[in-house]
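Below: one structure, written as structure tokens.
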Amino acid sequence: MARKKALLIGINYYGTDHELNGCINDAENIRNFLVEERGFSPSGHDMVMLSDIPENAGTPFYPTGANIMAAINWLVTQNRPGDVLWLSYSGHGGQVRNDDRESGFDDTICPVDFVENGQIPSQNLHRAIVSPMNPECRLTILFDCCHSGSACELPYVYRPDEEGNVNMVDTIKQGIGLIRAAEGLFEGGFSMSKVDDAKMLLGGATDFFNGLHHRRNRDVDEDGLAPENFEEHWETEGKDVWMFSGCADNQTSADTSIAGAPTGAMSWALVRTLREYPEQSYINILQNTREELAQKYSQIPQLSCGGRYDLDQPLAL
């Protein structure tokens, strides 16, 4: 019988200048969904949750960079054909400079100790998550963080129009909006935290405008899948991995409050659509999640995968 394993990561960065409100709630809500709706066991042998609640400090469940990488290794190794895996991350996402990438940046995630020990870049995440996998297992990933579109460097991304773009007019507006948001931070005073935020916004805008040079000639197939241009040829791995991300590489992902509870907008929307329509294809999930978020948020969820797979197949979870 196929085994189901899940790793859930939620980081609120308590007591820091980077504090968020809804990320641990995201992890708990997803855990409840997987157990109640998808037949996952809450046993510690099958489900691991990392969060920065105070009682986790000093334990393997505190989401330092080292603990995150160790937990990922637990999730993706020693699995058998047919096993079903889930990985979700809710926290800060960032970008670091990489001149070898066409956009000029690598996407990152930010462990609770990222100020002291650094962020985890997308290449490292791919090598830790995807490369060791048994190719006959299926992994579904949810990254609810800023700049998350390429956070695992999966080789193919869904781009729905004939030129491989989500919506060029809207995306240009978002690129300009990032610059204006960075400028607006300094209205009313100067602080180092505002400098950090402005760098992040301007990095997203730069990522976007650099990316315009490379969007028009993508080899988009009839299903809307386009190859990503990473340094490594990840497409040769043939891993059965699917990732829903909260936004494109050049966007931010909302930390919000819904029904009085702090939550990530993407996590809330994905769980909502899966609870309402349990039997959906991957592309239906993306479309319904986008529609849910479009009512209130500017972020555009993304779908990427490890190969040129049929997006109309039902979610295997």
Side-chain angles (χ1 to χ4, degrees), residues 2-10 22-43 46-49 51 75 82-91 129 137-145 148-149 151-152 154 157-158 160 166 223-225 240-248 253-297 299-306 309-317:
R3 182 185 182 191
K4 294 188 174 186
K5 293 170 67 178
L7 171 59
L8 317 167
I9 304 169
C23 298
I24 294 176
N25 284 347
D26 289 344
E28 292 174 344
N29 290 337
I30 292 168
R31 177 184 60 194
N32 294 340
F33 163 72
L34 293 176
V35 172
E36 295 167 4
E37 305 285 343
R38 293 289 171 168
F40 280 71
S41 168
S43 164
D46 300 311
M47 182 174 288
V48 170
M49 179 171 163
S51 72
L75 177 69
D83 285 354
V84 175
L85 314 175
W86 169 276
L87 168 63
S88 56
Y89 169 84
S90 184
I129 296 169
C137 296
R138 174 163 294 187
L139 170 63
T140 302
I141 302 171
L142 169 61
F143 269 31
D144 191 353
C145 57
S148 53
C152 288
L154 296 185
V157 62
Y158 176 67
V166 175
D223 294 320
L225 279 177
D240 193 357
V241 184
W242 303 73
M243 184 173 82
F244 296 98
S245 50
C247 58
S253 195
D255 186 45
T256 187
S257 178
I258 297 173
T263 187
M266 175 63 182
S267 297
W268 170 82
L270 185 74
V271 169
R272 179 182 172 90
T273 191
L274 286 174
R275 283 188 183 273
E276 189 169 357
Y277 306 107
E279 304 301 324
Q280 297 185 73
S281 68
Y282 287 91
I283 192 61
N284 289 152
I285 295 167
L286 179 68
Q287 291 166 340
N288 289 331
T289 303
R290 283 181 172 178
E291 289 176 8
E292 192 76 52
L293 285 172
Q295 300 175 38
K296 191 174 179 182
Y297 305 97
Q299 66 193 77
I300 303 174
Q302 307 291 303
L303 172 62
S304 53
C305 51
Y309 302 141
D310 178 10
L311 304 182
D312 289 319
Q313 64 180 289
L315 173 71
L317 186 61

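These figures come from a predicted structure and were not determined experimentally.
Counting only distance, with no hydrogens or angles, the side chain of R290 and the backbone of P301 share a donor-acceptor pair below 3.5 Å.
For N32, there are no side-chain hydrogen bond (donor to acceptor under 3.5 Å, both in side chains) partners at least two apart in sequence or on another chain. Residues satisfying the salt bridge (charged side-chain N to carboxylate O under 4.0 Å, His left out) test with E37, not counting sequence neighbours, are R275. With sequence neighbours excluded, no residue forms a salt bridge (charged side-chain N to carboxylate O under 4.0 Å, His left out) with D83. Residues meeting the salt bridge (charged side-chain N to carboxylate O under 4.0 Å, His left out) test with R31, sequence neighbours left out: none. A search for side-chain hydrogen bond (donor to acceptor under 3.5 Å, both in side chains) contacts involving S51 returns N56, not counting sequence neighbours. Under the salt bridge (charged side-chain N to carboxylate O under 4.0 Å, His left out) criterion, R272 pairs with E292, sequence neighbours left out.
Between L315 and R38 the shortest side-chain heavy-atom distance falls below 4.5 Å. Side chains of M47 and V35 form a contact here, defined as non-hydrogen atoms less than 4.5 Å apart. Looking at heavy atoms from C-beta onward, L75 lies in side-chain contact with L139 at the 4.5 angstrom threshold. Contact annotation: the side chain of Q302 never approaches that of Y158 to less than 4.5 Å [non-hydrogen atoms, C-beta and beyond]. Side-chain atoms of L8 and W86, non-hydrogen and from C-beta on, do get closer than 4.5 Å to each other. Looking at heavy atoms from C-beta onward, W268 lies out of side-chain contact with N29 at the 4.5 angstrom threshold. With a 4.5 Å cut-off on side-chain heavy atoms, S88 and D144 do not count as touching. In this structure, I30 and S90 have side chains that are not in contact, with every pair of non-hydrogen atoms separated by 4.5 Å or more.
In this pair, W242 and Y282 present their aromatic rings parallel. The plane angle is below 30°, not in the 30 to 60° band.
If you take CG on L274 and CG on L317, they are separated by 7.5 Å, rounding to the nearest 0.5 Å. Atom CZ of F143 is separated from atom OG of S267 by 11.5 Å, given to the nearest 0.5 angstrom. Separation of atoms OG1 (T273) and CG (N288) is listed at 4.0 Å; rounding is to 0.5 Å. In this structure, CD1 on I285 lies 13.0 Å from OH on Y277, to the nearest 0.5 angstrom. Note that CG of D310 is 9.5 Å distant from CG of L225, once rounded to the nearest 0.5 Å. A distance of 10.0 Å separates OG1 in T289 from CG in N284, rounded to the nearest 0.5 Å.
Among L87, I129, L154, T140, the one residue that satisfies the side chain to side chain contact (heavy atoms under 4.5 Å, CB included) test with V241 is L154.
For A316 against V84, the heavy-atom pair with the smallest separation is O-CG1, 3.9 Å. The shortest non-hydrogen separation linking A151 to M243 is N-CE, 4.1 Å. Residues K4 and G39 approach most closely at CD-O, 4.1 Å, considering heavy atoms. The two residues L85 and C137 come nearest to each other via the heavy atoms CD1-CB, 4.4 Å.
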